[in-house]
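What you see is a predicted model, and the numbers here were worked out from it, not measured in a lab. By convention here, the first residue in the shown sequence is residue 1.
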Amino acid sequence: METQIKIRNEASVCTIDIEGVIGVPEDEQFADSSHSVATYERLRRELESIKEIEAERVVVNIRSTGGDVNDALLIYESLISLDATITTRCYGYTASAATIIAQAASAGCREIASSALYLVHLSSSTVEGNAADLSERIDLLKKTDDRLASLYALRSGRSKESFIALMSENSGRGRWLSPNEVVEAGLADAIIGVEETTKPKGLIERVKGWFSPQQQEVETTAPLNDVNVLHLPENIQPKASTIAFEEGQNGVKGSRTKVCEDPSLEGVQPTHNALAYADDLRNLRYQRL
C-alpha cells in the first residue's frame, strides 16, 4: 500500500486505500500491489507509521466487494484504536466484509459515493467433513452473523434484529442498498459526489462581468429597474437590470410565411394569358387527334 502522508508541522492527513478481496494478499490480486491494503498484516505495518507521525486525520477509501470476515474485523479494530479522526469513504460495490471496515469511522464521518451500492448479508463459508464438522461450522456462522448485526446496530442506533432481517433477505444473500437507503439504515452519514442542481441563472447573473470596470462605474439617471440593457446608448451601461429573461423571450414572436406565398401549399390564381395558353394547347391536341 502506498500511504499518502501530508505533514504540516505537527499535524498530518493520511490516506489509506483498501481495495480488492479483503484477506487475500495484494500480490495475488494486482499487477502493482503498492496502492492497496487487502490484508490485516499489511494494514498493521502501515498503521505503525501513521502512529509515529501522530496523524490527526485518516481517510480510508474502500473499493472492495468483501472477503474474509476475520481480516475485516481486525482492520476495523485497528482503525478505531487510532487516536485520530477516521473518515471512511465507500465507492463502487461495497459489500460483505468491506461494510465492516466502513463502520470504523468516527462519529458522522462515514461517507458513501452517490454512484455506489452497498450490501450486507449473512456470512458464508465452505466446509467438508462429517456431521459434527458441519454442525460446528453452522454454530460459528450464526455467531458471526450475530456479531456483525450487533456491530451494525451499534453504529446505526437501530436494533440488531432489524439487521438480521436485512441480512437474511433473498435466502441470506441480503439486498443491494442505494446510497439513500444506506443513510436511512444508519450505515452511512453522508452521500458524496452529488452534483448540485441549481436553477439556471437569470439575466442579471448572465450579464455580470460582461462590462469593463470603467463601464460599470458610469452612472445613468434612468431608473435601472425598468431599463433594457440592450437598448441603452453605448456609452451608458447599467450595473444591473431586474428585467426578467422570460419577458424578453415572450416579446419575441416566430416569423410566419403567408400561405399564398408558397405554391406548394395552395394553388396560385392563373392570369388571363395563362388561361389563353392553356386553351390553345388543348385545341392543338384535339387537332392532332
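Each of Thr88, Thr85, Leu82 was compared with Val58 under the side chain to side chain contact (heavy atoms under 4.5 Å, CB included) criterion, and only Leu82 meets it.
Residues Tyr118 and Cys90 form a side-chain contact, since some pair of their non-hydrogen atoms from C-beta on lies under 4.5 Å apart. Residues Ile86 and Val60 meet the side-chain proximity criterion, which asks for heavy atoms closer than 4.5 Å. Using a 4.5 Å cut-off on side-chain heavy atoms (C-beta onward), Val183 and Ile191 make contact. Between Tyr91 and Ile62 there is no side-chain heavy-atom pair separated by less than 4.5 Å. In this structure the side chain of Leu74 never reaches within 4.5 angstrom of the side chain of Tyr76, judged on heavy atoms. Side-chain contact between Arg63 and Ile18 is absent, with no heavy atoms from C-beta onward closer than 4.5 Å. Residues Ile16 and Val37 have side chains in contact (heavy-atom distance under 4.5 Å, counting atoms from C-beta outward). At a threshold of 4.5 Å between non-hydrogen side-chain atoms, the residues Phe163 and Leu151 do not count as touching.
Between Lys142 and Asp146 no salt bridge is recorded (no basic side-chain N to carboxylate O distance below 4.0 Å).
Scanning all heavy atoms of the two residues, the minimum distance from Asp145 to Met167 falls at O-CE, 4.0 Å. The two atoms that bring His121 and Gly172 nearest to each other are CB-O, 3.4 Å, heavy atoms only. Here the closest non-hydrogen pair linking Ala97 and Ala72 is O-CB, 3.5 Å. Taking every heavy atom of both residues into account, Ser78 and Ser81 meet most closely at O-OG, 2.6 Å. When all heavy atoms of Pro179 and Ala116 are compared, the pair lying nearest together is CD-O, 3.3 Å. Between Ser96 and Gly66, the shortest heavy-atom distance links the atoms CB-CA, 4.0 Å.
Distance alone, capped at 3.5 Å, is enough to place a donor-acceptor pair between the Asp133 side chain and the Asn130 backbone. Here the side chain of Ser64 pairs a donor or acceptor atom with the backbone of Gly20 at under 3.5 angstrom. The main-chain N or O of Ile22 is never found under 3.5 Å from a side-chain atom of Asp68 such that the two would form a donor-acceptor pair. Side-chain atoms of Ser168 come within 3.5 Å of backbone N or O of Ile164 as a donor-acceptor pair. Looking only at distances, no side-chain donor or acceptor of Arg57 sits under 3.5 Å from a matching main-chain atom of Thr15. One N or O on the side chain of Asp189 and one on the backbone of Cys109 form a donor-acceptor pair closer than 3.5 Å.
Note that the CD atom of Gln103 and the CG atom of Leu154 stand 9.5 Å from one another [nearest 0.5 Å]. With rounding to the nearest 0.5 angstrom, the OG1 atom of Thr87 is 10.0 Å from the CD1 atom of Ile192. We find the CG-CZ distance between Leu187 and Arg155 to be 10.0 Å, quoted to the nearest 0.5 Å. Separating the CD1 atom in Ile112 from the CD atom in Glu181 is a distance of 10.0 Å, to the nearest 0.5 Å. In this structure, OH in Tyr152 is found 10.5 Å from CZ in Arg147, a value given to the nearest 0.5 Å. Atom CG of Asp71 sits about 8.5 Å away from atom CD1 of Ile101, to the nearest 0.5 Å.
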Would Asn170 and Arg175 count as a side-chain contact (heavy atoms from CB on, under 4.5 Å) here? Give the steps. CA-CA 7 Å; Asn170 297 313; Arg175 173 168 55 88; 4.2 Å; yes

After noting the C-alpha distance and the side-chain angles of Thr99 and Thr94, does the key distance pass the side-chain contact (heavy atoms from CB on, under 4.5 Å) rule? CA-CA 6 Å; Thr99 65; Thr94 301; 4.2 Å; yes

Audit row: Leu177, Leu119, side-chain contact (heavy atoms from CB on, under 4.5 Å) steps and yes/no: CA-CA 6 Å; Leu177 305 176; Leu119 174 67; over 6 Å; no

What verdict does the side-chain contact (heavy atoms from CB on, under 4.5 Å) test give for Leu141 and Leu122, after you've listed the backbone C-alpha separation in whole Å, the side-chain angles of each residue and the deciding distance to 0.1 Å? CA-CA 8 Å; Leu141 290 174; Leu122 297 181; over 6 Å; no

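The local environment of CG in Asp83 is sparse, with at most 12 non-hydrogen atoms from other residues, nucleotides or ligands closer than 6.0 Å.
The hydrophobic cluster containing Leu134 does not contain Leu140, counting ILVMFWY residues as joined when their side-chain heavy atoms lie under 4.5 angstrom apart, directly or transitively. There is no path of hydrophobic side-chain contacts, each under 4.5 Å, that joins Ile138 to Leu148.
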